[in-house]
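Just so we're on the same page: letters track the sequence lines, and every chain starts at 1. Computed from a prediction, not measured in an experiment: that's the story for all the values here.
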Amino acid sequence: KEAYDSLMRSLCEFDKPREAFDFLSEQTAKGHFFNVSTYNILIKSFAKCGNMDAAYKVFEMMERCGHAADLVTYCALVDGYVKNKNMDQACKVFDSMAVAGCLPDVAAYTTLIRGFCKANQMDKAYATLRNMIAVGNKPDVVLYSILIDGYCKAKKSEGCIKLLDDMKTCSIAANVVTYSTLIDGCCKAGQIDKANILLSEMIKAGCSPNVVTYNAMIDGFCQSGATEMALKVLAEMENKECHPTVVTYSSLICGLCKAGKASDACKLLKKMPKSGCKPNIITYNGLIDGLCKANKVDDAHGLLDELLKTGFTPNVNTYSSLIDGYCKIKNVDMAVKLFGQMRRFCSPNVITYTTLIRGLCSSGQINSARKMFDEMNNDGIHPDIYTYNVLLKGLCRARRSEEARELMK
RNA sequence: AAGUUGAACACAGCG
């Protein structure tokens with residue numbers, strides 16, 4: 001009987017929740033009882049595959065079979081809704097747990113709060129924190145780190161400072177994740193000096209940086225064009241036997257290309273397998289985009305063709321980069337051609353359309369740009385503020401401000 | 001012994 005639960009675990013581990021569900025239904029019909037933990041694993045697996053409807057069905061099924069959902073069940077559901085960006089449902093399930101007599105713990109609150117952070121609703125995140133404290137729970141370092149990350153990404157440094165203060169007051173020590181979060185926040189805000197200070201601070205506090213900490217620093221340097229500094233960090237990592245990951249290499253490769261050091265980037269790419277890293281689509285997209293931005297659009301295109309021969313599947317980012325590259329060197333025809341080709345692999349999104357519309361405008365093909373704008377709407381892709389900016393600018397520059405005014409409505 | 005709750009890092013568009 002244990003074997004059934006363990007089979008379920010394996011199926012879920014290999015992302016086969018459908019099969020697991022069928023097996024569960026079949027055996028349940030025959031009178032077998034599964035552990036609650038097995039149901040929980042299945043819910044998690046459906047959530048991971050983005051199928052929250054199925055996850056919820058499992059939840060309903062367990063109640064029907066007389067299994068009481070536990071904290072883990074509710075957490076799995078809330079986390080699933082959070083990760084699938086459905087905060088309304090996440091809140092509903094969260095609220096229902098107390099009603100069902102299952103009081104949320106700090107981890108459960110944290111799951112929900114993280115959802116608010118990721119949805120850029122820091123007010124709600126903070127309100128939920130206050131709520132949690134009011135009912136007698138103490139925030140821990142994980143929760144603080146999540147909130148700090150939220151405030152960093154929302155560019156609200158006052159929020160970060162206040163939380164760090166709170167931590168001190170409650171004598172909760174920052175850990176490597178807290179520091180890495182802060183360091184990344186500084187880097188993204190262009191404050192590399194501050195990031196460096198934090199790095200020494202953490203070491204002084206007895207907290208060793210890990211690969212994520214270094215990756216954040218490397219990316220910060222790369223984004224600001226300081227590739228030699230980024231490479232210094234890589235060397236430091238290697239000295240400390242902190243093994244670089246695909247993220248490390250992707251940052252560096254992209255940064256080097258953008259800095260016009262494509263050959264160094266390629267050297268690194270070749271070095272990856274030796275450090276046990278395999279380039280992924282982000283690595284290649286970064287390389288392609290970097291080449292485009294360094295005015296080597298043909299090289300980028302050639303690289304894509306090479307990759308296609310090896311079975312590589314490009315995505316919308318890959319094509320958006322190349323389309324932008326061709327537009328910027330005024331080869332809009334090739335951009336349009338790629339736009340047609342991409343559908344073999346993926347659909348254009350608002351960024352792709354906007355990029356192409358901008359290209360058409362700047363090459364004086366306003367009518368085609370307008371057509372593309374219509375096509376985008378027909379395609380069910382909603383223009384955003386960037387799209388309007390681009391098209392309005394194009395119309396105005398072509399002395400068609402009447403149409404621009406029309407568009408504003 | 002481990003085995004079902006929460007955290008940080010890399011890719012595309014106007015300015």
Side-chain angles (χ1 to χ4, degrees), chain A residues 5-6 8-9 12-13 35-45 70-79 82 104-115 117 140-150 152-153 175-185 187-188 210-220 222-223 245-255 280-290 292-293 315-325 327-328 349-359 361 384-394:
Chain A
D5 290 281
S6 122
M8 289 286 296
R9 225 180 291 135
C12 291
E13 207 176 298
N35 291 326
V36 172
S37 68
T38 303
Y39 285 94
N40 294 343
I41 293 166
L42 182 54
I43 288 174
K44 226 180 132 121
S45 180
D70 62 11
L71 250 181
V72 181
T73 317
Y74 284 104
C75 281
L77 278 172
V78 173
D79 192 49
V82 162
D105 63 1
V106 175
Y109 275 101
T110 304
T111 306
L112 187 69
I113 288 172
R114 178 170 179 275
C117 291
D140 61 11
V141 62
V142 175
L143 180 46
Y144 273 115
S145 301
I146 288 172
L147 283 162
I148 287 171
D149 187 46
C152 281
K153 296 207 160 82
N175 66 16
V176 60
V177 176
T178 323
Y179 279 112
S180 302
T181 302
L182 284 164
I183 286 171
D184 183 56
C187 288
K188 295 251 172 5
N210 66 13
V211 60
V212 176
T213 324
Y214 288 121
N215 286 349
M217 290 295 308
I218 286 177
D219 194 59
C222 284
Q223 297 287 356
T245 62
V246 61
V247 176
T248 321
Y249 285 107
S250 298
S251 278
L252 281 165
I253 288 169
C254 179
N280 62 19
I281 187 161
I282 298 185
T283 322
Y284 288 122
N285 285 350
L287 185 53
I288 287 171
D289 188 58
C292 287
K293 296 227 167 28
N315 66 13
V316 62
N317 288 27
T318 323
Y319 279 99
S320 296
S321 286
L322 273 170
I323 288 169
D324 185 52
C327 286
K328 286 190 173 135
N349 62 15
V350 58
I351 297 184
T352 327
Y353 273 111
T354 304
T355 304
L356 192 52
I357 288 170
R358 197 191 75 91
C361 285
D384 64 11
I385 182 77
Y386 293 83
T387 322
Y388 281 107
N389 279 348
V390 161
L391 191 52
L392 287 170
K393 198 167 138 190

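- For A:D149, the salt bridge (Lys or Arg N to Asp or Glu O under 4.0 Å) partners are A:K118, A:K153, not counting sequence neighbours.
- Nearest to the side-chain atoms of A:T354 among the listed nucleotides B:G13, B:G6, B:C14 stands B:G13.
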Which dot-bracket string describes RNA chain B (Watson-Crick N1-N3 plus N6-O4 or O6-N4, or G-U N1-O2 and O6-N3, all under 3.5 Å; [ ] crossing; | other strand)?
...............

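- Taking atom CG of residue A:N175 and atom C1' of nucleotide B:G6, one finds them 13 Å apart after rounding to whole Å.
- Going from atom CG of A:D324 over to atom C1' of B:G15 covers 14 Å, rounded to whole Å.
- Taking only side-chain atoms of A:N40, from C-beta outward, the nucleotide of B:C11, B:A7, B:U4 with the closest atom is B:U4.
- One can place NZ of A:K153 at 7 Å from P of B:A8, the figure rounded to the nearest angstrom.
- Remark: A:T355 engages no residue in a side-chain hydrogen bond (donor to acceptor under 3.5 Å, both in side chains) (not counting sequence neighbours).
- No side-chain heavy atom of A:V72 sits less than 4.5 Å from a side-chain heavy atom of A:S37.
- Rounded to an integer number of Å, the gap from CG of A:D384 to P of B:G13 is 13 Å.
- The phosphate of B:A12 (OP1 or OP2) has no side-chain N or O of A:K328 nearer than 4.0 angstrom.
- Look at CG on A:L356: it is 13 Å from C1' on B:A12, rounded to the nearest Å.
- To the nearest angstrom, C1' of B:C11 lies 18 Å from OH of A:Y249.
- For A:I282, counting side-chain heavy atoms from C-beta on, the closest listed nucleotide (B:G13, B:U5, B:C11) is B:C11.
- With hydrogens and angles left out, the side-chain atoms of A:D324 and A:S321 include no donor and acceptor closer than 3.5 Å.
- A:T352 and A:N349 form a side-chain donor-acceptor contact under 3.5 Å, judged by distance and modelled atom types alone.
- Atoms CD1 (A:I288) and C1' (B:A12) sit 11 Å apart, rounded to a whole Å.
- Taking only side-chain nitrogens and oxygens, A:K393 never comes nearer than 4.0 Å to OP1 or OP2 of B:G13.
- OP1 or OP2 of B:C11 has at least one side-chain nitrogen or oxygen of A:Q223 nearer than 4.0 Å.
- Atom-to-atom, CG of A:N215 to C1' of B:A10 comes out at 8 Å; the value is rounded to the nearest Å.
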